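Below is one structure; the comments refer to it alone.
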Protein chains: 2
Amino acid sequence: MKINKKVRYGLRAMTEIRDSHQIGILQKQISENQSIPLNFLDSIITGLRNANLITNYSGKSSGYILTRSAKEISVYDIYCAFEPELALVNCICESNECKHANMCTTKDYWFELNNQIKQMMKNAYLDTLIVNENKGPTKIKAH
Amino acid sequence: MKINKKVRYGLRAMTEIRDSHQIGILQKQISENQSIPLNFLDSIITGLRNANLITNYSGKSSGYILTRSAKEISVYDIYCAFEPELALVNCICESNECKHANMCTTKDYWFELNNQIKQMMKNAYLDTLIVNENKGPTKIKAH
DNA sequence: TTCGCATCCAACTAATTCAATAGAATTAAT
DNA sequence: ATTAATTCTATTGAATTAGTTGGATGCGAA
């Protein structure tokens with residue numbers, strides 16, 4: 001079970017765009033800052049734009065910005081820019097219902113796990129994604 | 001993000017073995033009951049045996065049984081019979097630490113999500129996996 | 001207007017993983 | 001011995017992933 005690279009790069013790209021605030025940021029700059037291959041980033045940007053999460057003015061010095069506040073963009077919004085609805089197992093998509101579903105011992109469990117994961121991704125917002133400066137164990141300040 | 005078929009079949013196979021209690025159950029029977037291709041089930045059984053979750057006597061009329069109580073076998077135990085430790089992103093495995101980890105905005109989030117999913121799989125035990133008989137909306141009995 | 005830069009867009013490919021199959025060797029009950 | 005089941009190794013075919021290539025388009029500066 002892996003998160004695919006478009007989602008991972010997409011999330012990192014989104015934090016770059018977030019941090020450029022109203023000014024906007026170019027693909028090239030995102031690519032350099034985040035070590036994402038430029039050509040690959042291109043298709044990631046397409047995904048984010050189609051999902052209506054970012055926008056820009058076309059032309060030479062465009063620069064991408066968010067379409068809404070970072071605290072209104074969830075990790076699941078970004079996930080869905082690159083993947084269909086989260087479905088850990090195929091029978092979660094109704095179109096793919098499997099024949100022995102009505103005697104399946106595991107279906108309910110997968111549905112439950114699927115929902116919980118989805119909910120965790122929906123409850124995490126772009127504004128909370130930050131670099132953790134603490135490398136070592138957390139120091140508790142005496143008070 | 002998908003659960004692979006070995007894990008899914010493996011979990012279903014485990015509920016069959018659980019339900020055979022002390023008697024034991026043959027691959028062929030598991031294969032028929034759960035519509036799992038027999039040859040493929042073979043490699044799944046191997047995984048479960050190597051993970052020390054099931055055992056049998058080899059030969060003609062063997063039959064598999066659990067090595068311990070179903071309520072002591074977690075979904076995560078079964079998952080790990082077929083996959084290495086859950087790692088949604090590669091940098092979770094220390095051997096694969098990525099170069100810009102110390103400036104990564106998303107690492108902490110993936111670590112947190114990874115831990116929560118792992119915990120949910122560790123807290124679900126084989127004895128709780130059952131067929132849900134209710135097809136329609138739940139009927140609440142008047143009392 | 002022509003050039004450079006950056007985005008936009010579609011097709012393609014190389015590599016890897018996944019799901020399944022095939023067949024031979026082994027084991028043990030009858 | 002025969003039979004029925006498991007065990008082990010190797011291979012295949014399909015699907016997915018990650019990334020590339022090449023060209024069209026749009027804008028601004030020289």
Side-chain angles (χ1 to χ4, degrees), chain A residues 1-13 16-17 20 23-65 79 81-84 87-90 93 96 98, chain B residues 1-13 16-17 20 23-52 54-65 79 81-84 87-90 96 98:
Chain A
M1 194 160 56
K2 291 275 179 214
I3 301 286
N4 84 29
K5 275 207 162 172
K6 285 202 173 184
V7 175
R8 276 146 64 199
Y9 284 158
L11 196 53
R12 273 157 56 190
E16 286 290 325
I17 296 167
S20 80
I23 300 124
I25 184 170
L26 300 179
Q27 285 189 14
K28 195 181 169 189
Q29 204 177 332
I30 297 171
S31 162
E32 281 169 10
N33 294 354
Q34 291 289 336
S35 315
I36 302 169
L38 183 57
N39 288 327
F40 194 33
L41 179 62
D42 190 18
S43 65
I44 288 161
I45 292 290
T46 300
L48 294 170
R49 190 164 26 76
N50 289 344
N52 208 35
L53 298 173
I54 60 173
T55 187
N56 70 326
Y57 301 98
S58 56
K60 190 178 169 183
S61 56
S62 37
Y64 293 93
I65 55 169
Y79 179 89
F82 305 107
E83 298 262 23
L88 293 181
V89 295
N90 284 335
C93 317
N96 251 321
C98 99
Chain B
M1 193 160 59
K2 291 274 180 215
I3 301 286
N4 83 30
K5 274 206 162 172
K6 285 202 173 184
V7 175
R8 277 146 61 201
Y9 284 158
L11 196 53
R12 275 157 55 190
E16 286 291 325
I17 296 167
S20 81
I23 302 123
I25 184 171
L26 299 180
Q27 285 190 15
K28 195 181 170 189
Q29 204 177 333
I30 297 171
S31 163
E32 280 169 10
N33 294 355
Q34 291 290 337
S35 315
I36 302 170
L38 183 57
N39 289 327
F40 193 34
L41 180 63
D42 185 19
S43 66
I44 288 161
I45 292 290
T46 300
L48 294 171
R49 190 165 25 77
N50 289 345
N52 207 35
I54 61 173
T55 187
N56 71 324
Y57 302 98
S58 56
K60 192 175 168 183
S61 55
S62 38
Y64 294 92
I65 55 169
Y79 180 89
F82 305 107
E83 297 262 23
L88 294 181
V89 295
N90 283 335
N96 251 322
C98 100

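All values derive from a computational prediction rather than experimental measurement. Naming convention: chains lettered A, B, ... in sequence-line order (proteins, then strands); numbering from 1 in each chain.
Here CZ of A:Arg49 is found 6.0 Å from OH of A:Tyr64. Values are rounded to the nearest 0.5 Å. Atom CD1 of A:Ile30 is separated from atom CD1 of A:Ile45 by 4.5 Å, given to the nearest 0.5 angstrom. Rounding to the nearest 0.5 Å gives a distance of 5.0 Å between CD1 of A:Ile3 and CG of B:Leu88. Atom CD1 of B:Ile25 is separated from atom CG of B:Asn56 by 12.5 Å, given to the nearest 0.5 angstrom.
Following rounding to the nearest Å, B:Asn56 (CG) and D:dA5 (P) show an atom-to-atom distance of 13 Å. A straight line from CD1 of B:Ile44 to P of C:dT21 spans 12 Å, rounded to a whole angstrom. Regarding A:Ile45, its CD1 atom lies at a distance of 12 Å from the C1' atom of C:dC8, rounded to whole Å. In this structure, A:Gln27 places its CD atom 7 Å from P of C:dC8, rounding to the nearest Å. Between the P atom of C:dA10 and the CG atom of A:Asp42 lies a distance of 12 Å, rounded to the nearest Å. For the pair B:Ile25 CD1 and D:dT6 P, the interatomic distance rounds to 10 Å; values are reported in whole Å. If you take CG of B:Leu38 and C1' of D:dA5, they are 10 Å apart, rounded to a whole angstrom. We find that CD1 of A:Ile30 is positioned 13 Å from P of C:dA6, with the value rounded to whole Å.
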N/O-N/O pairs, protein side and nucleotides 10-19 of chain D side, under 3.5 Å:
unit_1, atom_1, unit_2, atom_2, d
D:dA18, OP2, A:Lys5, N, 3.1

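Contact annotation: A:Tyr64 side-chain N/O to C:dC8 OP1/OP2 distance is under 4.0 Å. OP1 or OP2 of D:dT7 has at least one side-chain nitrogen or oxygen of B:Arg49 nearer than 4.0 Å.
The residue B:Phe82 sits apart from the nucleic acid: no heavy atom pair falls under 4.0 Å.
Scored by the side-chain hydrogen bond (donor to acceptor under 3.5 Å, both in side chains) test, B:Asn4 finds B:Glu83 as partners (sequence neighbours excluded).
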